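The sequence lines fix the lettering, A, B, ..., with proteins before strands; numbering per chain opens at 1. Please read all numbers here as calculations on a predicted model, not as lab measurements. Computed over heavy atoms, backbone and side chain alike; hydrogens, waters and symmetry mates excluded.
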Amino acid sequence: MKEKLSDLLKAVIDDLFDRGDLIPEIVKTKSEVHGDWSTNIAMILAKELQENPKELAKKIISSLPDKKWIEKVELAGPGFINFFLTNLANLNYLKDLVKSEGSFYPFQEKTKKNILIEYVSSNPTGPLHVGHGRGAALGSSLSNLLKKSGNDVLQEYYVNDQGLQTKILADSVHKKYLEKFKIDTSKINDANFYKGEYIDELATKIKNRENDTYIELKDEKKFIDLIIKEMMKNIKMTLEEFKVNFDSFYSESSLYKELGSNQNKIQKVLKDLEKEYSFKNEGAIWFKSTQFGDDKDRVLIRSDDKETYFLSDIAYHKDKFDRGYDEIINIWGSDHHGYLPRIIASIKALKLKSEKLKTFFIQFVSLVKKGQKTSMSTRAGDFVTLDELIEEVGVDAARFFYLAKKSDQALDFDMDLAISEDKNNPVYYIQYAFARICSLEKELKERKMNFNIKDGINNLDLLNKKSELEIISFLENYKIIIEQCNKNYEVHPICFYLRDLASKFHSYYNSEIIIDDEENKRNAKFTLLLAVKKTIKSGMDVLMIETPEKM
RNA sequence: CUCCUGGUAGCUCAGCUGGAUAGAGCAUCUGCCUUCUAAGCAGAGGGUCGCAGGUUCGAAUCCUGCCCAGGAGGCCA
């Protein structure tokens, strides 16, 4: 409908003002006194043409061709043009929705994009915690959204299996491992070792499986690889449980592999940068990132000749660009925001198109229980790992609560609310709406009545109560929300929309007998409910949250 | 000190790419189950959109300054 109105207006504006390039903004009205759709185009033009907006609006309105689907057009307020459509026209969206085969999704991108999205990428030095969960939920749902909209999406996890932290991890496990053989480890300085229970568990596991093979570390690299592999195994299990499916795990250490001609991806990128944008100072090699807007220059090779994490990350980003994506999305924890300028600087220095890179930041998560924020420390009783959170509140609630808030805002995760099984909990509230519709369909069958969609579609005009017209109109908002989400790379509006839709349904359910004695009306009502059901399913599918048929 | 995020109802948050009377939910108060799931619904009260300026026909939304909260500023990752 929006498109039809937009085309209509565009033609008129081109005619009157020779401004066919102007795309009029058409919005759904908030109040019915303003009609169904509205545009502020007259006020926009007024500014440009230095004319009275009301006069312009009048001119536009009188030039609009008569259409049978438009009931009336009104000039309102300072120059709004409000469109009132016929009830029949307002049913078009609903009809298309109901007729759609299988699952429903209202939006397709005009030009398909090839997108790489990287998220979670937590260091394999510990299990995923509740902070990672937020990135996991957002990244997977966003990927899903973009995919459904017709893009090719590759989801990638960057594994930091290289460098100091991995060595500390391996040493931490090794110490515990030695202790299993009653070997004296008191001389080992474990001040910065990882301490969690998982370290001990891993040591036990390795002892049980490999026996005393690693008491003497002849091949440290092999031991580190083994540890990382085990850590990643657990992380992958958690992700799978959380419905997060990566297409690719990109290992940092693979960047160090020789490509032939005695060079790896890191050395190659270093060479590129050294040509113009590097200098030596105090034994280290620096990148002149200040030339590209960074606050200070950054070290690429430390004075002990080791590569910095930054350098390998440049190589990683270069590789992402080389793989030929139209868009490269990073979802990072907000504590990395200061890191972005130097990455952008490196991309520019390598003469790559930095606009392709979109980085989104996720703010911190704190858990709230009985009104108290629980600290993120590993103290007993605190829920710190994602596994524990899932066990406590379930996958559905966890995903919803993560997703229901703008990601660049700090999240207070209300555990008690997430567990509650009543209308206070939006997840249950939405799922309950879906289950209620399913239950009605079941009840209909039990009463030996069947639902005839064709008949329902033909009798939709019988739905003329205020509550019915409101739902019919609101269904179309879903399409607008989905479009907006694609444009802004966000999913939280879907959560809010689904809650509102569920609310409108529950209200309708309470005010109307759905299983109407009158057959035509009954079919029309069930057609409307089918549309609600399909829309809830569609939204929940994007979020990857279950919609049980019975609760 | 510099740079990011944010500050909207008692609480948790939408709205922020400028538009019509600022929206939800929770909590509070009042009603609704012999009727398709009360895991629900209807109604009421509740606001200097942090503060002060500016831009304009119009500002919660954009700009500037200030206040408050959280975060970031390693040859760590």
> Among residues at least two apart in sequence or on other chains, which ones pass side-chain contact (heavy atoms from CB on, under 4.5 Å) with A:Ala349?
A:Leu273, A:Tyr277, A:Phe287, A:Phe292
> Regarding A:His34, tell me which of base, sugar-phosphate or nothing describes its non-hydrogen contacts under 4.0 Å with the strands shown.
base
> Taking only nitrogen or oxygen atoms into account, show me every contact under 3.5 Å that the protein makes with nucleotides 31-33 of chain B, one pair per line with its distance.
none

> With sequence neighbours left out, what residues match A:Ile61 under side-chain contact (heavy atoms from CB on, under 4.5 Å)?
A:Val73, A:Leu75, A:Ile81
> Before giving the answer on side-chain hydrogen bond (donor to acceptor under 3.5 Å, both in side chains), spell out for A:Gln267 and A:Glu307 the whole-Å C-alpha distance, their side-chain angles and the decisive distance to 0.1 Å.
CA-CA 9 Å; A:Gln267 289 158 336; A:Glu307 302 84 351; 5.7 Å; no
> Whole angstroms only, please: what is the CG-C1' distance between A:Leu417 and B:C26?
8 Å
> When all nucleic acid strands are considered with a 4.0 Å heavy-atom cut-off, which category describes A:Ser439: base, sugar-phosphate, or nothing?
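Answer is base: heavy atoms of A:Ser439 come under 4.0 Å of a base.
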> Would you mind building the protein contact string for nucleotides 7-13 of chain B? One character per nucleotide, 5' to 3', B for base within reach (heavy atoms under 4.0 Å), S for sugar-phosphate only, - for untouched.
------S
> Can you check whether any acceptor in the base of B:A20 is under 3.5 Å from a donor in the side chain of A:Asn82, or vice versa?
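Present.
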> What's touching nucleotides 72-76 of chain B from the protein side, N or O pairs under 3.5 Å?
residue	atom	partner	partner atom	Å
B:G73	O2'	A:Lys296	NZ	3.4
B:G74	OP2	A:Lys296	NZ	2.9
B:C75	O2	A:Ser303	N	2.8
B:C75	O2	A:Ser303	OG	2.9
B:C75	N3	A:Ser303	OG	3.2
B:C75	N4	A:Glu282	O	3.2
B:C75	N4	A:Glu282	OE1	3.4
B:C76	OP2	A:Arg302	NH1	2.3

> Just checking A:Ser420: base, sugar-phosphate only, or nothing, at a heavy-atom cut-off of under 4.0 Å?
nothing
> Rounded to whole angstrom units, what separation is found between the CG atom of A:Asn52 and the P atom of B:G58?
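Interatomic distance, CG of A:Asn52 to P of B:G58: 14 Å.
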> So A:Glu446, base contact, sugar-phosphate only, or nothing? Heavy-atom distance under 4.0 Å.
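A:Glu446: no heavy atom of the nucleic acid under 4.0 Å.
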> Once side chain to side chain donor-acceptor pair (under 3.5 Å) is applied, do any residues pair with A:Ser253, and if so which ones, sequence neighbours excluded?
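A:Ser253: side chain to side chain donor-acceptor pair (under 3.5 Å) contacts with A:Asp161, A:Ser251.
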> Scan A:Ser38 against the nucleic acid and name what it touches under 4.0 Å (heavy atoms): base, sugar-phosphate only, or nothing.
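Here A:Ser38 touches the bases of the nucleic acid.
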> With sequence neighbours left out, write down each residue that passes salt bridge (charged side-chain N to carboxylate O under 4.0 Å, His left out) with A:Glu55, or none if nothing qualifies.
A:Lys58
> For A:Phe223, what residues pass the side-chain contact (heavy atoms from CB on, under 4.5 Å) criterion, not counting sequence neighbours?
A:Ala170, A:Val173, A:His174, A:Ile206, A:Tyr214, A:Leu217, A:Ile227
> Excluding sequence neighbours, so at least two apart, what forms salt bridge (charged side-chain N to carboxylate O under 4.0 Å, His left out) with A:Asp396?
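For A:Asp396 the salt bridge (charged side-chain N to carboxylate O under 4.0 Å, His left out) partners, ignoring immediate neighbours, are A:Lys243.
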> Look at all strands and tell whether A:Asn425 reaches a base, only sugar-phosphate, or nothing, counting heavy atoms closer than 4.0 Å.
nothing
> Considering every strand and a 4.0 Å limit on heavy-atom distances, what is the contact class for A:Ala46: base, sugar-phosphate, or nothing?
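Since no nucleic acid heavy atom lies under 4.0 Å of A:Ala46, the category is nothing.
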> B:C36 C1' sits how many Å from A:Lys550 NZ, rounded?
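Those two atoms, NZ and C1', are 16 Å apart.
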> A:Arg298: what forms a salt bridge (charged side-chain N to carboxylate O under 4.0 Å, His left out) with it, not counting sequence neighbours?
A:Asp294
> Nearest whole angstrom, please: distance from the C1' of B:C36 to the CG of A:Leu528.
16 Å
> Are more than 12 heavy atoms from other residues, nucleotides or ligands located less than 6.0 Å from atom CG of A:Asp517?
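Atom CG in A:Asp517 is not crowded, with 12 or fewer foreign heavy atoms closer than 6.0 Å.
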> Which part of the nucleic acid, if any, lies within reach of A:Asn40 when heavy atoms closer than 4.0 Å are counted: base, sugar-phosphate only, or nothing?
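Base contact - A:Asn40 has a heavy atom under 4.0 Å of at least one base atom.
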> Where does the angle between the aromatic ring planes of A:His336 and A:Trp332 fall among parallel (under 30°), tilted (30 to 60°) and perpendicular (over 60°)?
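Answer is tilted, since the angle falls between 30° and 60°.
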> Let me know the distance between CD1 of A:Ile481 and C1' of B:G15, rounded to the nearest Å.
11 Å
> Check the orientation of A:Phe249 and A:Tyr157. Use parallel for under 30°, tilted for 30 to 60°, and perpendicular for over 60°.
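The arrangement is tilted - the two ring planes meet at 30° to 60°.
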> What integer distance in Å separates A:Asn424:CG from B:A24:P?
17 Å
> Which residues pass the side chain to side chain donor-acceptor pair (under 3.5 Å) test with A:Asp500, not counting sequence neighbours?
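Result, side chain to side chain donor-acceptor pair (under 3.5 Å) vs A:Asp500: none returned.
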> In whole Å, I'd like the distance from the OH atom of A:Tyr497 to the C1' atom of B:G23.
17 Å
> Which is true for A:Lys47 with a 4.0 Å heavy-atom rule: it touches a base, it touches only sugar-phosphate, or it touches nothing?
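Base contact.
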> Looking only at atom P, what distance separates B:G70 and B:A24, rounded to whole Å?
32 Å
> Taking the C1' atom in each of B:C62 and B:U55, what is the distance between them to the nearest angstrom?
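Rounded to whole Å, the distance is 8 Å.
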> Please classify B:C33 as syn or anti, treating any glycosidic angle within 90° of 0 as syn.
syn
> Could you work out the separation of B:G7 and B:C63 based on their P atoms and round it to a whole Å?
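These two P atoms come out 14 Å apart once rounded.
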> What orientation do A:Tyr158 and A:Tyr316 show, parallel under 30°, tilted 30 to 60°, or perpendicular over 60°?
parallel
> Sequence neighbours left out, what passes side-chain contact (heavy atoms from CB on, under 4.5 Å) with A:Asp36? Give chain and number order.
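Here the qualifying residues are A:Leu85, A:Asn90.
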> In whole angstrom, what separates A:Tyr429's OH from B:A39's P?
13 Å
> Taking the C1' atom of each, how far is B:U12 from B:G46, in whole Å?
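My reading of the C1' atoms in B:U12 and B:G46 gives 16 Å.
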> Report yes if a side-chain nitrogen or oxygen of A:Lys30 is closer than 4.0 Å to either non-bridging phosphate oxygen (OP1 or OP2) of B:G23; otherwise report no.
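Looking at the OP1 and OP2 atoms of B:G23, neither is under 4.0 Å from any side-chain N or O of A:Lys30.
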> Quiz question: going by heavy-atom distance under 3.5 Å, is there a donor-acceptor pair between the base of B:A20 and the side chain of A:Ser31?
no
> Say we look at B:G65 and B:G25: how far apart would their P atoms be, to the nearest angstrom?
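My reading of the P atoms in B:G65 and B:G25 gives 39 Å.
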> Say we look at B:U64 and B:G10: how far apart would their P atoms be, to the nearest angstrom?
30 Å
